[in-house]
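Structure record follows, encoded as structure tokens.
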Amino acid sequence: MPRFTEFDFGVSWVMGFFHQDGTHYGDTAAEIVANHLTGWSDESALAVRRDARTLGNLPSQTLEVLWNAGAEYLPSFGTRLGSGAEWTRTVVDLCDARLSTEPDLRPLTGADTEDGTACLDAVVAEIEEARFLAAEVRAALVDCARRGTPDLAFRVLLRAMRHVRKASPSPDRYGRLEAVGSALQYGEFVVDNVRFLVEEP
């Protein structure tokens with residue numbers, strides 16, 4: 001059974017809200033997330049909440065590194081977002097508020113519950129090979145893979161790759177990324193979002 005969407009989802013999808021034109025969707029980071037969640041399916045909100053709860057296993061500083069790596073124009077932590085733990089909790093609360101309006105909410109099932117445990121070694125290997133990322137970002141992603149889920153860490157890795165100009169995977173490496181995405185039962189356009197970075201042969 002494939003995932004419920006062909007595109008990115010969960011916390012890595014939320015990271016994508018914070019781009020150059022992101023403020024068109026709200027005056028604060030919380031408003032931007034809430035406004036996006038309002039227009040999307042229950043499954044989308046469930047996937048975000050599941051990821052954000054998973055991130056709760058990580059230290060606040062690690063969360064800040066992950067959010068900053070995956071988002072292009074995220075407001076600063078501290079006075080605007082609070083700590084990494086506070087912001088991640090805010091995302092959970094926004095999902096709870098969105099889902100509380102649904103009396104017959106169905107839980108995620110099938111492929112949508114995939115955590116990628118069987119792909120842990122492959123995901124960690126791809127993170128460690130991503131030398132174009134800062135060492136603290138790689139360390140945070142590995143921590144996410146080991147103490148969160150490999151699935152979430154891999155999606156944040158893909159999101160982070162899009163924001164680093166030096167990211168230029170070889171065709172062989174892109175093939176490995178596709179293989180991991182296939183094992184995680186991603187939709188067509190999750191890994192495909194970094195295809196434009198692939199080095200010309």
To the closest 0.5 Å, what do you measure between [atom1] ([X]) and [atom2] ([Y])?
X: Leu157; Y: Cys144; atom1: CG; atom2: SG; answer: 10.5 Å
X: Leu177; Y: Asn193; atom1: CG; atom2: CG; answer: 12.5 Å
X: Ile32; Y: Leu37; atom1: CD1; atom2: CG; answer: 12.0 Å
X: Phe17; Y: Tyr25; atom1: CZ; atom2: OH; answer: 9.5 Å
X: Glu199; Y: Asp172; atom1: CD; atom2: CG; answer: 10.0 Å

Which residues pass the side-chain hydrogen bond (donor to acceptor under 3.5 Å, both in side chains) test with [X], sequence neighbours left out?
X: Glu114; answer: none
X: Thr28; answer: none
X: Asn35; answer: none
X: Ser44; answer: Ser41

Can you confirm whether [X] sits close enough to [Y] that some side-chain heavy atom of one is under 4.5 Å from a side-chain heavy atom of the other?
X: Tyr186; Y: Val180; value: no
X: Leu63; Y: Arg89; value: no
X: Val33; Y: Trp87; value: yes
X: Pro169; Y: Met161; value: yes
X: Tyr174; Y: Val191; value: yes
X: Trp67; Y: Met15; value: yes

Whether [X] side chain and [Y] backbone form a donor-acceptor pair below 3.5 Å:
X: Asn57; Y: Thr54; value: yes
X: Ser60; Y: Gly84; value: yes
X: Thr88; Y: Ala85; value: no

Residues in salt bridge (charged side-chain N to carboxylate O under 4.0 Å, His left out) with Asp151, at least two apart?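 Salt bridge (charged side-chain N to carboxylate O under 4.0 Å, His left out) list for Asp151, sorted by chain: Arg3, Arg155.
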
Identify, with sequence neighbours excluded, every residue that meets salt bridge (charged side-chain N to carboxylate O under 4.0 Å, His left out) alongside Arg159. Asp8

What is the minimum heavy-atom distance between [X] and [Y], and which atoms define it?
X: Ala69; Y: Val137; result: CB-CG1, 3.7 Å
X: Thr90; Y: Ala30; result: CG2-CB, 4.3 Å
X: Phe18; Y: Pro75; result: CD2-CD, 4.0 Å
X: Leu81; Y: Ala29; result: CD2-CB, 3.5 Å
X: Ala34; Y: Leu94; result: CB-CD2, 4.0 Å
X: Ala140; Y: Thr62; result: CB-CG2, 3.7 Å

Look at the rings of Trp13 and His36 and say which category their plane angle falls in: under 30° parallel, 30 to 60° tilted, over 60° perpendicular.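 Trp13 vs His36 ring planes: perpendicular.
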
Scan residues 135-145 for pairs that pass side chain to side chain donor-acceptor pair (under 3.5 Å), counting only residues two or more places apart or in two chains.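 Qualifying pairs: Asp143-Arg147.
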
Residue pairs passing the salt bridge (charged side-chain N to carboxylate O under 4.0 Å, His left out) test where at least one lies in residues 54-68, sequence neighbours excluded: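 Qualifying pairs: none.
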
Write out all pairs satisfying salt bridge (charged side-chain N to carboxylate O under 4.0 Å, His left out) with one or both partners inside residues 72-87, taking only residues at least two apart or from two chains.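 Matches after skipping sequence neighbours: none remain.
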
Should side-chain heavy atoms under 4.5 Å link Ile, Leu, Val, Met, Phe, Trp and Tyr, which residues sit in the same cluster as Leu46?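 Members besides Leu46, by chain and number: Leu99, Leu105, Leu108.
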
Check ion pair Arg49-Asp42 (N to O, under 4.0 angstrom): no

Can you list everything that forms a ring pair (Phe, Tyr, Trp, His ring centres under 6.0 Å) with Phe7? Sequence neighbours excluded, please.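 Expected list: Phe189.
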
Is Leu66 linked to Val92 within one hydrophobic cluster, defined over Ile, Leu, Val, Met, Phe, Trp and Tyr using a side-chain heavy-atom separation of less than 4.5 Å?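 No, Leu66 and Val92 fall in different hydrophobic clusters.
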
Are Thr117 and Asp115 close enough, and set up right, to give a side-chain hydrogen bond (donor to acceptor under 3.5 Å, both in side chains), and what steps lead you there? CA-CA 6 Å; Thr117 301; Asp115 62 11; 2.8 Å; yes

Would you be so kind as to tabulate the donor-acceptor pairs closer than 3.5 Å made by side chains of residues 121-133, with sequence neighbours excluded?
residue : atom : partner : partner atom : Å
Glu126  : OE1  : Arg173  : NE           : 2.7
Glu126  : OE1  : Arg173  : NH2          : 3.2
Glu126  : OE2  : Arg176  : NE           : 2.8
Glu129  : OE1  : Arg176  : NH2          : 3.0
Glu129  : OE2  : Arg176  : NH2          : 3.0
Arg131  : NE   : Glu128  : O            : 3.3

Candidate pair Cys119 and Leu184, rule side chain to side chain contact (heavy atoms under 4.5 Å, CB included), full reasoning: CA-CA 8 Å; Cys119 298; Leu184 293 170; 4.1 Å; yes

